[in-house]
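Take a look at the structure below.
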Amino acid sequence: MDNQQLLTMVTQMTLEEKVAQLMQLAAPFFEGAEGEGQITGPMKSLGVTEEMVRNSGSVLGYAGAAGAIAVQEAHLKKNRLGIPLLFMADIVHGFKTIFPIPLAIGCSWDLPLAERSAEIAAREAAVSGVHVTYAPMVDLVRDARWGRVMESTGEDPYLNSELARAFVRGFQGQNLREDVQRVAACVKHFAAYGLSEGGRDYNTVDLSEWQLREYYLPAYRAALDEGCEMVMTSFNTVDGVPASGNTKLMRKLLREEWGFDGVLISDWGAVKELIPHGVAEDEAEAAYKAIRAGVDIEMATSCYVHHLPRLVREGLVEEKIIDEAVLRILQLKEKLGLFERPHRGADPEAEKEIVFCAEHRAAARELAEKSCVLLKNERGLLPLARGQRVALVGPFAQSGDILGPWSWTGSRKDAVRLDTAMKAAAAEPGDIAVAEGSDIEAMTEAQWAEAARAAAGADVIVLALGESSEMSGEAGSRADITLPAAQLELLRRMKALGKPVAVVLFNGRPLDLRGVYDTADAVLEAWFPGSEGGAAIAALLYGDANPSGRLSMSFPAAVGQIPVYYNHFSTGRPLGAPDAQERYVSHYLDLPNEPLLPFGFGLSYTTFIYGKPQLSGEIMTPDKPLELSVVLTNAGPAEGEETIQLYIRDWVGDTVRPVKELKAFAKVRLAAGESREVRFTVTEEMLRYTHHNLEFASDAGQFSVFVGPNSRDAEELRFRLEKGPVTSGTRLQGANLGKNQHEEMGSEVR
């Protein structure tokens with residue numbers, strides 16, 4: 001259908017039919033669905049009639065080719081105009097083949113593999129009847145207490161933006177209409193959900209528009225620039241207004257300023273939640289505010305269907321607004337080809353061949369290997385030598401709970417467990433003695449006795465510790481992000497046996513590692529590594545793969561530092577300022593300011609040496625970028641992959657600028673003894689930022705460029721940006737300052 005035909009279809013619909021298109025219901029409401037009629041909990045209170053279901057526009061959380069086909073066929077027989085349903089689901093980090101959680105994928109810094117993971121997830125989901133995935137989640141996060149940090153890719157707006165683009169490309173491909181093995185992507189949660197106060201889910205967010213634009217909006221914009229078809233509203237407030245009723249955010253910024261003309265959907269129940277937020281008196285006012293804000297689809301509540309028809313007839317809501325929302329939904333259905341092929345890619349026979357196939361599992365294993373981060377490795381304890389006797393102990397030694405949250409279509413029983421993989425990787429299966437040691441949050445003396453027996457004959461102890469998947473994810477916020485006391489006690493007792501101890505961590509967030517990092521000889525951060533997690537970790541432990549992951553989020557020295565992140569401001573009294581009194585600077589009395597492990601950090605089994613970086617000049621202009629080159633050498637014994645990171649600092653700005661900002665990176669694989677020159681182009685565009693008046697521009701002045709293996713250990717070079725006469729985006733400086741004062745600021749008189 002062309003757009004005119006879709007417009008004609010809108011005019012043929014009754015008002016009630018239009019409004020029903022804006023309602024999304026869970027699968028049990030639909031004939032032919034598994035669990036049909038099992039309407040429980042909050043769904044029972046929706047007051048949805050059979051007619052509303054018959055005219056509804058989309059299904060939430062249903063997957064399975066045969067069932068999706070049955071639901072669609074039953075629906076098309078009843079829907080007066082033959083409008084097909086959209087099937088939407090949370091396919092976040094895999095369908096049946098589960099990849100590492102997104103935070104772990106962020107630690108791979110591998111854009112092609114991230115894209116491939118989304119492509120495979122889309123392929124499995126599409127053949128199982130799904131049309132839209134609620135991903136990627138691109139919320140910038142600086143607070144590890146927040147459970148949904150596992151669904152983000154970290155604390156940096158540049159890295160998050162690049163990964164957002166990769167995920168959208170993977171999910172959607174080049175042509176959704178023709179490529180039925182792709183799905184439409186829905187970027188979430190718009191906007192700034194990662195700043196939830198206190199790290200508590202569904203909580204308040206309060207930030208300036210400058211901060212919103214500078215740090216929190218870029219990744220959403222990157223996803224939309226890549227063609228992302230849908231946007232999901234967040235649960236939080238922005239400027240004191242909940243996102244699902246926020247006209248300034250949704251209608252003015254998203255639609256008018258950015259030109260987004262795709263479908264905007266609320267998160268689960270978020271329209272009705274305008275009432276407990278305190279900005280709507282009842283469901284009618286909630287519907288009024290949400291539709292005027294531009295929310296096209298109301299997920300899982302029924303404010304629209306019960307109240308919008310009356311609001312239109314009373315002249316309180318223009319029917320034109322309803323028509324626009326319906327048209328956007330129909331346009332997405334047309335873009336997916338559903339009017340001609342309502343079953344689209346759903347195919348029960350192909351489903352058996354494609355879902356969880358060997359090719360997909362191999363990709364999941366590769367990404368899991370590249371997502372793990374080696375945090376510590378004293379005296380080269382890792383990799384293990386084959387022939388060593390290993391005691392594998394801990395609640396994750398034999399656990400299938402390694403998929404992580406948002407893996408509802410995955411299967412723990414299909415996950416490769418660590419004990420199985422290590423026995424397969426060892427010289428002899430008998431080299432691995434396995435014991436539980438403790439539960440996640442409790443330890444019995446019988447468990448300890450079993451662990452002690454396993455360790456008695458071992459040369460090295462590998463402890464598999466961490467959080468259960470229920471301890472992170474949505475509604476998984478934690479105030480105390482240390483390991484549970486039982487596991488810390490298990491580690492303490494194991495260490496007291498006098499044998500080397502390596503810890504493998506399974507978790508959905510950066511942890512407060514007190515009691516772990518200072519006790520263990522080696523620490524491998526595995527996150528929730530997905531279906532092939534055990535195989536990937538065994539390969540890393542035995543050196544069949546070399547750790548290459550780099551942290552996409554800082555690890556705090558203690559939870560009291562949170563939020564702690566690398567791209568902070570220096571403040572007016574920075575630590576180490578030459579003219580400041582020791583006490584009266586911005587610091588803690590009882591903790592360092594710096595995180596335990598910085599953004600970008602990760603170790604390898606080999607040694608990379610950076611040569612002295614070279615900059616092609618000291619002066620940059622808008623049309624004359626600079627070239628930075630550095631020679632990287634693998635001086636160690638094994639092939640390895642290094643992620644070279646480039647950061648920039650603007651020393652004087654219209655607004656304060658961070659001490660470092662990631663602007664580029666390159667992944668380089670080198671054989672033992674190999675050297676390679678790596679080059680970066682440093683452009684004026686990299687120096688732009690949001691000014692106080694919200695203009696996005698660069699300023700002339702002094703800059704530093706840093707290159708190195710992480711945000712902390714990087715070598716600095718300096719250059720100046722010259723832009724000619726004073727214009728918009730250029731600071732006027734120096735009128736009343738002497739040369740020495742400027743030099744103290746890191747700038748020269750101009």
[atom1]-[atom2] distance between [X] and [Y], expressed to the nearest 0.5 angstrom:
X	Y	atom1	atom2	result
M553	M150	CE	CE	12.5 Å
S161	L140	OG	CG	9.0 Å
R679	S616	CZ	OG	7.5 Å
N710	T643	CG	OG1	11.0 Å
N507	S468	CG	OG	11.0 Å
R688	E695	CZ	CD	10.5 Å

Side-chain contact test, heavy atoms from C-beta onward, threshold under 4.5 Å: evaluate it for [X] versus [Y] and give yes or no.
X	Y	result
L687	M620	yes
V707	I644	yes
T237	D239	no
R514	T519	no
V393	M494	yes
C372	W527	no
R509	E467	yes

What are the two closest heavy atoms between [X] and [Y], and how far apart are they?
X	Y	answer
L463	L491	CD1-CD1, 3.5 Å
A672	G636	CB-O, 3.4 Å
L511	P556	O-CD, 3.8 Å
T690	L694	CG2-CA, 3.8 Å
N377	L603	N-CD1, 4.0 Å
A558	L591	CB-CD1, 3.7 Å

Donor + acceptor pair across side chains of [X], [Y] (<3.5 Å):
X	Y	answer
H189	R148	yes
Q561	D512	no
E684	S698	yes
N634	T606	yes
D139	S152	no
D201	W146	yes
T621	E722	no

For the ring pair W210 and F696, is the centre-to-centre distance below 6.0 Å?
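No - the distance between ring centres of W210 and F696 does not fall below the 6.0 Å cut-off.
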Could you check whether the rings of F665 and Y158 sit parallel, tilted or perpendicular, using 30° and 60° as the cut-offs?
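Aromatic pair F665/Y158 classed perpendicular.
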Going by the angle between their ring planes, with limits at 30° and 60°, are F506 and F396 parallel, tilted or perpendicular?
parallel
Check this for me, if you would: do [X] and [Y] make a salt bridge, where the nitrogen-to-carboxylate-oxygen distance has to be below 4.0 angstrom?
X	Y	answer
R657	E214	yes
K663	E685	no
E642	R669	no
E209	K248	yes
D521	R379	yes

Taking it one step at a time, do E715 and K612 satisfy salt bridge (Lys or Arg N to Asp or Glu O under 4.0 Å)?
CA-CA 8 Å; E715 188 159 350; K612 186 169 183 61; 3.1 Å; yes
Heavy-atom count check: over 12 atoms from other residues, nucleotides or ligands less than 6.0 Å from [X] [atom1]?
X	atom1	answer
E677	CD	yes
R200	CZ	no
D713	CG	yes

Check whether NZ of the Lys or CZ of the Arg R142 lies under 6.0 Å from the centre of the six-membered ring of Y215 and within 45 degrees of that ring's axis.
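Judged by the rule (NZ or CZ under 6.0 Å from the ring centre, within 45° of its axis), R142 counts as positioned above Y215.
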Name of the residue among F719, Y647, Y689 meeting ring-ring contact (aromatic ring centres under 6.0 Å, His included) with F703:
F719
Please enumerate all residues that pass side chain to side chain contact (heavy atoms under 4.5 Å, CB included) together with E716, with sequence neighbours excluded.
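For E716 the side chain to side chain contact (heavy atoms under 4.5 Å, CB included) partners, ignoring immediate neighbours, are W651, S704, F706, R718.
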Checking Y220 now: which residues fulfil ring-ring contact (aromatic ring centres under 6.0 Å, His included) with it, not counting sequence neighbours?
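Expected list: F190.
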State whether the side chain of H568 and the backbone N or O of K660 hold a donor-acceptor pair below 3.5 Å, judged by distance alone.
no
Can you name the one residue among V504, L465, L375, V501 that meets side chain to side chain contact (heavy atoms under 4.5 Å, CB included) with V523?
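Passing option: L375.
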Under the criterion side-chain hydrogen bond (donor to acceptor under 3.5 Å, both in side chains), I'd like the reasoning laid out for Q487 against S438: C-alpha separation, chi angles, the key distance, then a yes or no.
CA-CA 7 Å; Q487 295 184 57; S438 76; 5.5 Å; no
